[in-house]
Amino acid sequence: QVQLVESGGGLVQPGGSLRLSCAASGGTLDYYTIGWFRLAPGKEHEGVSCISNDDSSTYYADSVKGRFTISRDNAKNTVYLQMNSLKPEDTAVYYCAGGSEYGCYPNVLRVYEYGYWGQGTQVTVSS
């Protein structure tokens with residue numbers, strides 16, 4: 001069973017950048033659609049971005065479109081989320097998750113298609 005581990009979170013000033021990593025063990029990541037989700041205090045769980053298992057589709061929530069980029073490095077068994085122009089409202093715990101081929105399309109991220117979740121990494125955007 002694949003296990004996912006996030007890293008790369010931290011404290012950054014507004015306008016700064018971070019790159020989150022989602023590394024897999026116990027399985028090959030290229031078999032899975034990978035999604036990034038976030039949960040902030042007082043807010044609902046949000047699907048931020050995803051990349052399909054064959055890399056044919058990516059999705060970005062309107063709140064991050066143009067600022068975040070998802071990518072996959074199969075040789076390293078890792079998916080990345082490059083986050084630029086960070087805002088205080090991006091502060092949250094970020095989770096990556098592995099899902100089926102039906103979990104990611106250009107205009108929709110189907111959260112119920114994701115069954116393997118990491119433990120999360122904290123991102124704090126503050127001056």
Side-chain angles (χ1 to χ4, degrees):
Q1 180 173 323
V2 68
Q3 294 183 328
L4 304 178
V5 178
E6 304 93 338
S7 63
L11 173 64
V12 63
Q13 292 187 343
S17 298
L18 284 174
R19 188 178 75 162
L20 304 184
S21 299
C22 175
S25 61
T28 53
L29 211 55
D30 58 357
Y31 181 78
Y32 296 93
T33 288
I34 300 297
W36 282 98
F37 303 81
R38 65 187 181 186
L39 183 62
K43 296 184 179 180
E44 292 188 357
H45 194 241
E46 180 183 17
V48 174
S49 180
C50 61
I51 184 166
S52 61
N53 58 333
D54 61 0
D55 293 352
S56 64
S57 294
T58 57
Y59 164 88
Y60 298 95
D62 287 344
S63 57
V64 306
K65 202 170 292 184
R67 301 188 296 123
F68 290 12
T69 303
I70 192 168
S71 62
R72 184 195 296 269
D73 187 336
N74 290 332
K76 295 184 178 180
N77 219 18
T78 301
V79 169
Y80 302 100
L81 185 68
Q82 178 67 43
M83 307 187 298
N84 298 329
S85 302
L86 283 162
K87 305 175 181 180
E89 51 263 44
D90 294 318
T91 296
V93 178
Y94 284 72
Y95 301 87
C96 68
S100 79
E101 61 191 284
Y102 306 109
C104 187
Y105 297 92
N107 60 346
V108 66
L109 184 160
R110 292 177 174 166
V111 63
Y112 50 83
E113 293 288 343
Y114 294 82
Y116 302 98
W117 292 80
Q119 295 300 307
T121 185
Q122 175 71 45
V123 171
T124 302
V125 185
S126 175
S127 55

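Residue numbers run from 1 in the order of the sequence given.
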Where at least one partner belongs to residues 90-112, residue pairs that pass side-chain hydrogen bond (donor to acceptor under 3.5 Å, both in side chains), sequence neighbours excluded
R38-D90, R38-Y94, R67-D90, S100-E113

So which pairs with a foot in residues 21-30 pass side-chain hydrogen bond (donor to acceptor under 3.5 Å, both in side chains), sequence neighbours left out?
T28-D30

Can you give me the closest heavy-atom contact between [X] and [Y], atom names plus distance?
X    : Y   : result
V2   : A24 : CG2-CB, 3.9 Å
Q122 : A92 : NE2-O, 3.5 Å
C22  : I34 : SG-CG2, 4.5 Å

Under 3.5 Å donor-acceptor pairs involving side-chain atoms of residues 6-15, not counting sequence neighbours:
from : atom 1 : to   : atom 2 : distance (Å)
E6   : OE1    : Q119 : N      : 3.0
E6   : OE1    : G120 : N      : 2.8
E6   : OE2    : C96  : N      : 2.9
E6   : OE2    : G120 : N      : 3.2

With disulfide bond (SG atoms under 2.5 Å apart) as the rule and sequence neighbours excluded, what pairs involving residues 25-60 come up?
C50-C104

So disulfide bond (SG atoms under 2.5 Å apart) across residues 53-92, not counting sequence neighbours, yields none

Out of curiosity, Y59 OH to I70 CD1, how far, rounded to the nearest 0.5 Å?
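Y59 atom OH to I70 atom CD1 measures 11.5 Å (nearest 0.5 Å).
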
To the nearest 0.5 Å, how far apart are OG1 in T58 and CZ in F68?
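If we round to the nearest 0.5 Å, T58:OG1 and F68:CZ are 14.5 Å apart.
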
Tell me the salt bridge (Lys or Arg N to Asp or Glu O under 4.0 Å) pairs involving residues 48-60, sequence neighbours left out?
D55-R72

Return the set of residues passing salt bridge (Lys or Arg N to Asp or Glu O under 4.0 Å) with D62 (not counting sequence neighbours), or none when no residue passes.
K65

With clusters defined by side-chain heavy atoms of hydrophobic residues (ILVMFWY) lying less than 4.5 Å apart, directly or transitively, does V111 cluster with L39?
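Per the 4.5 Å side-chain linkage, L39 and V111 are co-clustered.
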
Linking I/L/V/M/F/W/Y whenever their side-chain heavy atoms sit closer than 4.5 Å, directly or via other members, would L4 and L109 fall into one cluster?
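No.
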
Could you list the donor-acceptor pairs under 3.5 angstrom formed between side-chain atoms of residues 78-86 and any protein atom two or more places apart in sequence or on another chain?
from : atom 1 : to  : atom 2 : distance (Å)
T78  : OG1    : K76 : O      : 2.8
Q82  : NE2    : N84 : OD1    : 2.9
N84  : OD1    : S17 : OG     : 2.9

Quick one: which residue pairs count as a ring-ring contact (aromatic ring centres under 6.0 Å, His included) with a foot in residues 6-39, not counting sequence neighbours?
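Residue pairs with at least one partner in residues 6-39: Y32-Y116, F37-H45, F37-Y114, F37-W117.
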
